[in-house]
Amino acid sequence: MIILKPKVIVIVGPTASGKTALSIELAKKINGEIVSCDSMQIYKDMDIGSAKPSIEEMQGIKHYMIDIVSPDERFSVAEYKKQAEMAIEEILQKQKVPIVIGGTGLYADSLIYGIEYKEVEFDAEYRNELENIAKEPNGLEGLYNKAKKLDSVAMEKISPNDKKRILRVLEIYHSTGKTKTEMEAESRKNGVKYDYRVFAIDMDREVLYERINKRVDLMLEMGLVEEVENLLKKYKEFPTAMQGLGYKEVVQYLNGELTKEEMIEKIKQETRRYAKRQLTWFRKNKQTIWLDGLSDMQNNVSIILGGIN
RNA sequence: GGGUAGGUGGUCGAGUGGUUAAUGGCACCAGACUGUAAAUCUGGCCGCGAGAGCGUACGUUGGUUCGAAUCCAACCCUGCCCA
């Protein structure tokens with residue numbers, strides 16, 4: 001007898017494509033609960049800028065993976081994967097349908113492909129050391145070559161300019177004694193735990209960009225600047241949280257590096273570019289069923305219902 | 001009205017007689033992506049063509065020249081200064 005893996009619905013899509021509304025509609029219809037897949041909504045006190053769904057919007061549907069870490073803590077995909085799977089398990093135990101929803105492709109893939117992240121200690125001192133070397137003239141080039149000697153396979157895909165990934169290759173080796181390539185091979189060993197059904201929302205690019213622009217204006221009206229001011233007051237450091245779109249620009253504005261108009265334009269522009277990158281990511285998965293964000297929501301719900309049977 | 005600086009590809013901005021379809025930045029498009037991912041990086045980017053290539057381009061119209069975005073003339077427009 002074949003044991004079927006439990007079904008898990010995944011809905012991805014660029015910012016401002018209507019994921020929240022669709023997911024809640026769907027959850028109501030199929031007795032589902034929502035697992036957020038968003039690298040910024042995990043942070044507490046970052047509500048407006050991360051477009052977190054409000055209590056009213058949630059309409060009583062339980063949401064997981066929102067407000068789970070403090071902005072002054074370091075977070076990572078590995079952490080996400082672990083906790084999100086626990087959430088999925090919990091929902092399944094309740095005989096409900098897990099709906100993973102969000103725009104962070106890396107996080108979504110960690111679930112969809114069942115990537116197992118082995119323990120890798122974060123060594124702040126080593127990171128620092130590497131950062132300093134990278135700052136020197138030809139420093140990055142040296143690190144690139146060093147990484148290439150360690151793991152030429154991984155480095156084939158990494159540009160000599162890609163500091164972040166070069167550092168990562170070195171860090172992995174530094175703290176585990178294994179290469180990134182070895183780690184990746186191990187990470188896929190266990191296979192996928194659930195029967196993921198992936199849907200992605202797309203929409204006319206121009207309309208999407210319009211919606212993004214409007215949403216940024218709305219965020220400002222809702223008090224994004226005040227939100228950032230409060231964050232800065234409340235927390236001392238932001239190892240990962242301040243990478244969030246909208247947040248770093250407001251900080252620049254508060255520091256006098258940008259005028260208000262420049263800040264607004266920059267947030268809009270960066271958000272548009274981000275949306276484009278998200279779409280690129282989602283296109284990679286050929287199993288994905290695409291939805292048109294501009295078509296009727298009930299229609300999209302039906303497509304999803306059809307896609308999970 | 002006088003003087004002066006200028007008008008370059010979607011935009012900003014180099015280029016001052018020929019390897020110039022025109023450096024670069026930005027936007028835009030496409031792509032990559034396994035522990036910072038709303039991050040980081042790569043490629044393309046006048047039109048047509050798979051390509052060789054062809055066509056059209058540096059305010060306008062003429063001119064000089066074997067050859068002009070680059071020199072000359074007139075005109076149009078913009079900024080600044082003086083009236």
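Throughout, protein chains are lettered first and strands after them, A, B, ... in sequence-line order, and every chain is numbered starting at 1.
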message = Test salt bridge (charged side-chain N to carboxylate O under 4.0 Å, His left out) on A:K189 and A:E186; report intermediate values, then the result.
response = CA-CA 5 Å; A:K189 262 191 201 152; A:E186 285 178 33; 5.1 Å; no

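Residue order along RNA chain B, read from the 5' end via each residue's closest nucleotide, puts A:Y117 first among A:S159 and A:Y117. Each of A:E171 and A:T280 lies near RNA chain B, and the nucleotide nearest A:T280 is the one positioned closer to the 5' end.
Between the side chain of A:K276 and the base of B:A30, at least one donor-acceptor pair of N or O atoms lies under 3.5 Å. You won't find any donor-acceptor pair under 3.5 Å spanning the side chain of A:R168 and the base of B:U34, going by distance alone. At a cut-off of 3.5 angstrom, counting only N and O atoms as typed in the model, there is a donor on one side and an acceptor on the other between the side-chain of A:R127 and the base of B:U36.
Judged as a ring pair (Phe, Tyr, Trp, His ring centres under 6.0 Å), and not counting sequence neighbours, the contacts of A:Y80 are A:Y107.
Contact check, A:R277 against B:A37: no side-chain N or O comes under 4.0 Å of OP1 or OP2. Taking 4.0 angstrom as the limit, A:R165 places none of its side-chain polar atoms (N or O) nearer than this to OP1 or OP2 of B:C33. For B:G31, the OP1/OP2 oxygens have a side-chain nitrogen or oxygen of A:R283 closer than 4.0 Å. The shortest distance between the side-chain N/O atoms of A:Q269 and the OP1/OP2 oxygens of B:C26 is not below 4.0 Å. Between A:N161 and B:U42 there is a side-chain N or O to OP1 or OP2 distance below 4.0 Å. For A:Y274 and B:U40, the shortest distance from a side-chain N or O to OP1 or OP2 is not below 4.0 Å. Using a 4.0 Å cut-off, some side-chain N or O of A:Y107 falls inside it from OP1 or OP2 of B:A37. Of the side-chain N and O atoms in A:K180, one or more sit less than 4.0 angstrom from OP1 or OP2 of B:U34.
Rounded to the nearest Å, the gap between the C1' atom of B:C82 and that of B:G9 is 36 Å. For the C1' atom pair drawn from B:A57 and B:C41, the interatomic distance equals 34 Å after rounding to whole Å. Separating the P atom of B:C58 from that of B:G10 is a span of 12 Å, rounded to the nearest Å. Rounded to a whole angstrom, the distance from the P atom of B:C29 to that of B:G47 is 15 Å.
Counting only heavy atoms from C-beta on, A:S187 has its side chain closest to B:U34 among B:A27, B:A32, B:U34.
The base-pairing partner of B:C80, taking Watson-Crick or G-U wobble contacts with both distances under 3.5 Å, is B:G3.
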